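In what follows, chains are A, B, ... by sequence order, proteins preceding strands, each numbered from 1. Only a predicted model underlies this, so the values are computations on that prediction, with no experimental measurement involved. Scope of the values below: all heavy atoms of this structure, side chains included, with no hydrogens, waters or symmetry mates.
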Amino acid sequence: MADEDIKTPSNFIKTIIDEDLSTNKYQGRVATRFPPEPNGYLHIGHAKSICINFGLAREYKGTCNLRFDDTNPTKEEVEYVHSIEEDVSWLGFDWQDRKFFASDYFEKLFDLAVELIKNAKAYVDSLSADQIRKYRGTLTEPGKQSPYRDRSIEENLDLFQRMRKGEFDDGAHVLRAKIDMAHPNLLMRDPTLYRIRKAHHHRTGDKWCIYPMYDFTHCLSDALECITHSICTLEFENNRPLYDWVLDQVKPACRPHQYEFARLNLTYTVLSKRKLIQLVKDGIVESWDDPRMPTISGYRRRGYTPEAIRNFCERIGVAKANSVVDIALLEHTIREDLNARAPRVMGVLKPLKVIIENYPEGQSEELEAINNPENLSAGTRKVPFSKILYIERDDFMENPPKKFFRLAPGREVRLRYAYFLTCKEAVKDPQTGEIIELRCTYDPATKGGNAPDGRKVKATLHWVSAEHAIDAQVRLYDRLFTKANPEEKDEQGLTFKDFINPDSLTVLKNCKLEPCLAQASPSDFFQFERLGYFSVDPKTKQPGGPVFNRTVTLRDTWAKIKKAGKK
RNA sequence: UGGGGGAUCGUCUAGUGGUAGGACUACGGACUCUGACUCCGUCAACCCAGGUUCGAAUCCUGGUCCCUCAGCCA
């Protein structure tokens with residue numbers, strides 16, 4: 001792959017890896033892993049982690065494993081395993097033959113737990129969950145030891161075996177590490193290692209009724225896979241001493257180390273799993289892959305490309321300081337990618353009929369249009385032209401302000417790749433006053449878009465021939481929230497759901513598109529000239545024409561001028 | 001008021017004792033058969049106070065503010 005040699009910006013993790021390489025800490029190996037819990041869909045924050053872990057492996061010619069952290073049978077499902085695999089692949093990363101499941105290690109983990117018990121480093125506690133909480137102490141006060149803390153090794157062994165055999169009910173006992181109930185880090189106050197959970201696991205079925213906790217499983221899974229750099233988010237900083245403690249007891253052949261980076265936050269976006277679930281459950285969005293969702297599947301359906309998302313993840317950097325990235329950067333990377341690659345096409349979203357009075361009745365002709373000015377090898381295509389056209393309603397104003405240089409009565413503009421057009425009259429509905437059509441004339445000498453006399457026009461409009469156009473539904477998406485930081489607690493007690501943008505979705509059902517779009521396949525992307533990037537919705541099948549999703553608008557200087565004028 | 005982390009342009013991020021750089025945004029301008037793209041330019045930052053040093057974002061001391069931890073979740 002050509003991009004293996006591309007150097008990405010430096011960051012603190014690379015600095016650490018460079019040092020480790022120079023001291024030969026891991027015999028020159030770099031082994032990372034992406035460890036999702038299969039209990040939900042991946043979002044753009046996960047994409048950051050995926051890009052870091054797989055990206056590091058690519059850059060340092062190491063490996064990155066895909067490992068499902070499936071130690072909680074009550075929350076995890078195969079459906080999520082599949083969606084995660086699909087999303088990681090779609091992003092362009094390959095775990096080759098290294099797909100693992102923490103549940104594959106259950107037997108080994110059990111043996112290691114037994115070893116801990118034998119070394120008097122773990123014990124079976126029979127306090128209730130509630131009692132354990134009370135015994136834990138607080139941030140400022142030490143905890144108390146459980147009365148079961150000093151059970152004999154034999155008794156612990158016996159109890160733990162019987163826990164596995166299913167002799168006890170959920171919650172009757174847990175296995176705890178024996179560390180220090182007065183430790184200033186609460187996670188070190190004899191953390192729970194195993195709990196009884198008589199639940200069906202999506203992979204191990206009913207084989208187990210005790211399940212290991214994250215802190216016991218994760219570090220050992222890393223060690224078993226010979227991971228060198230175990231990269232996770234900041235909230236696990238407190239877990240690192242425990243990560244190290246467990247490995248210190250077990251002394252595995254491979255000794256991984258944990259490093260933490262700041263998770264991604266995005267303006268006008270929520271990324272917590274809990275809130276995302278709420279958006280789906282409350283019907284605020286249609287599904288996990290609703291194009292307004294910050295999920296990878298949502299962006300995919302919206303028309304974002306893996307290249308753009310990877311580029312975004314590279315540009316935001318990796319650091320330890322909490323931060324909120326401006327969504328404008330994501331929009332920039334998708335525009336940048338699509339600008340280079342998307343075929344240009346003309347589509348009228350809000351049609352306004354134009355009748356060219358001096359164009360022969362019944363005639364039509366084909367005009368040549370460039371498919372992508374950024375890539376001339378994409379060639380040209382023919383676009384039909386005739387007496388009756390549609391143009392964009394927003395491209396005409398009866399009483400234009402000074403900075404509006406599109407079509408207006410008496411004004412001449414260019415129809416892209418076609419002719420100069422002059423508006424003679426705006427015909428209105430006598431009842432409503434609404435403009436229903438424009439009577440115009442064209443200049444036959446300007447065919448192709450240039451005037452032989454050298455006269456200029458200030459605007460070029462996109463258009464579509466009425467009799468040749470295809471009908472389509474186009475969905476206009478905008479940011480889901482009106483507030484830059486919807487997660488922030490509001491002084492009036494308003495929550496993220498109070499800041500939903502009522503215009504996050506606008507469905508346009510009467511759009512007129514260039515005929516070549518009839519052949520568009522699901523997920524094909526285009527630039528509708530002067531409007532934005534659109535792609536064929538891969539999920540909606542409906543008769544009577546394709547359904548397009550707007551990925552992102554083009555930058556719009558005119559919109560800014562209008563907005564500034566209103567102030 | 002315990003422990004663990006963090007503070008650099010509006011935003012994200014480089015810098016590791018020697019001219020604070022890049023990207024996004026914003027704002028100008030050039031170009032233009034997309035008010036797009038591209039190009040050029042402008043605004044703009046080291047949390048604070050001391051100290052060490054010829055020289056400090058960087059080292060030291062003391063503050064301030066922010067994040068995080070009391071699941072048998074991950």
Side-chain angles (χ1 to χ4, degrees), chain A residues 9-11 15 35-37 39 69-72 74-76 125 127-130 132-134 136-143 170-176 182-189 191-197 210-211 213-215 217-218 232 234-241 260 262 264 267 273 315-333 335-336 339-340 344 346 369-370 373-374 403-406 413-418 420 448-450 456-462 484 527-532 553-561:
Chain A
S10 181
N11 60 56
T15 304
E37 181 187 14
N39 72 340
D69 221 332
D70 56 348
T71 58
N72 186 349
T74 60
K75 289 188 175 176
E76 296 148 7
D125 196 357
L127 250 27
S128 69
D130 195 49
I132 286 179
R133 190 181 327 120
K134 285 180 177 129
R136 189 154 24 229
T138 68
L139 294 178
T140 50
E141 298 162 289
D170 286 13
H173 308 281
V174 290
L175 184 73
R176 290 231 258 170
H183 201 288
N185 180 346
L186 305 211
L187 279 166
M188 297 295 273
R189 322 247 259 226
T192 302
L193 265 22
Y194 268 88
R195 75 286 212 189
I196 300 170
R197 190 128 310 168
I210 56 171
Y211 292 91
M213 300 285 289
Y214 167 84
D215 287 301
T217 309
H218 202 91
C232 61
L234 248 32
E235 63 270 29
F236 291 98
E237 277 178 317
N238 298 318
N239 300 58
R240 185 165 12 106
E260 311 87 12
L264 173 66
T267 56
K273 208 171 267 181
R315 292 209 206 183
I316 56 177
V318 183
K320 296 201 71 160
N322 292 314
S323 61
V324 184
V325 175
D326 192 336
I327 189 84
L329 181 59
L330 216 210
E331 294 175 347
H332 170 77
T333 61
R335 285 190 186 112
E336 184 177 56
N339 176 54
R344 314 287 130 124
M346 292 193 284
I370 296 166
E374 303 288 324
K403 283 179 181 167
F404 182 89
F405 41 81
R406 273 108 99 143
V413 298
R414 173 168 39 233
L415 294 175
R416 176 139 235 222
Y417 299 125
F420 283 13
N450 287 299
K456 302 289 184 194
V457 287
K458 292 192 77 178
T460 299
L461 269 41
H462 60 278
Q527 183 196 96
F528 288 6
E529 293 213 38
R530 305 207 305 131
L531 297 173
T553 62
L554 250 29
R555 287 188 68 206
D556 190 347
T557 306
W558 168 238
K560 278 183 196 169
I561 295 169

key: Check: B:rG35 base within 3.5 Å donor-acceptor of A:Arg406 side chain   = yes

remark   = Residues at least two apart in sequence or cross-chain that pass salt bridge (Lys or Arg N to Asp or Glu O under 4.0 Å) with A:Lys320, listed by chain then number, are A:Glu237, A:Glu260

Please list, for nucleotides 16-22 of chain B, all pairs of protein and nucleotide N/O atoms separated by less than 3.5 Å.
none

For nucleotides 44-48 of chain B, tabulate all protein N/O to nucleotide N/O atom pairs closer than 3.5 Å, reporting atom names and distance.
none

note = Protein-proximity profile, nucleotides 65-74 of chain B, B/S/- by nucleotide at the 4.0 Å heavy-atom cutoff, equals --SSBBSBSB

task = Not counting sequence neighbours, which residues clear side chain to side chain donor-acceptor pair (under 3.5 Å) with A:Ser323? List them please.
result = none

key: A:Asp69: side-chain contact (heavy atoms from CB on, under 4.5 Å) partners, not counting sequence neighbours   = A:Pro35, A:Thr71, A:Ala102, A:Tyr214, A:Thr217, A:His218

message = Run the side-chain contact (heavy atoms from CB on, under 4.5 Å) test against A:Val325 and tell me which residues pass, sequence neighbours left out.
response = A:Leu264, A:Leu266, A:Phe312, A:Ile316, A:Leu329

request  = May I ask you to check whether A:Ser128 and A:Asp130 show a side-chain donor-acceptor distance below 3.5 Å?
outcome  = no

task = Tell me which of A:Thr140 and A:Lys320 sits closer to the 5' end of RNA chain B, going by the nucleotide each one is nearest to.
result = A:Thr140

request  = Could you list the residues that satisfy ring-ring contact (aromatic ring centres under 6.0 Å, His included) with A:His173, not counting sequence neighbours?
outcome  = A:Phe168

Set of side-chain contact (heavy atoms from CB on, under 4.5 Å) partners for A:Thr553, sequence neighbours left out = A:Arg335, A:Arg550

inquiry  = Can you tell me whether the side chain of A:Gln527 and the base of B:rU34 have a donor-acceptor pair closer than 3.5 Å?
reply    = yes

ask   = Can you give the dot-bracket line for RNA chain B, where a pair is Watson-Crick or G-U wobble with both atom distances under 3.5 Å, crossing pairs use [ ], and | marks a partner on another strand?
value = .((((((..((((....[..)))).(((((.......)))))....(((((..]....))))))))))).....

key: Candidates B:rG6, B:rA14, B:rU34 - which lies nearest the side chain of A:Asn11   = B:rA14

inquiry  = Heavy atoms from C-beta onward define the side chain here; which of B:rU34, B:rC27, B:rG6 lies closest to that of A:Lys560?
reply    = B:rC27

note = Sorted by chain and residue number, the side-chain contact (heavy atoms from CB on, under 4.5 Å) partners of A:Leu187 (sequence neighbours excluded) come out as A:Asn185, A:Asp215, A:Asn238, A:Asn239

request  = Please list, chain by chain and in numerical order, all residues satisfying ring-ring contact (aromatic ring centres under 6.0 Å, His included) with A:Tyr194, sequence neighbours excluded.
outcome  = A:Phe160, A:Phe216

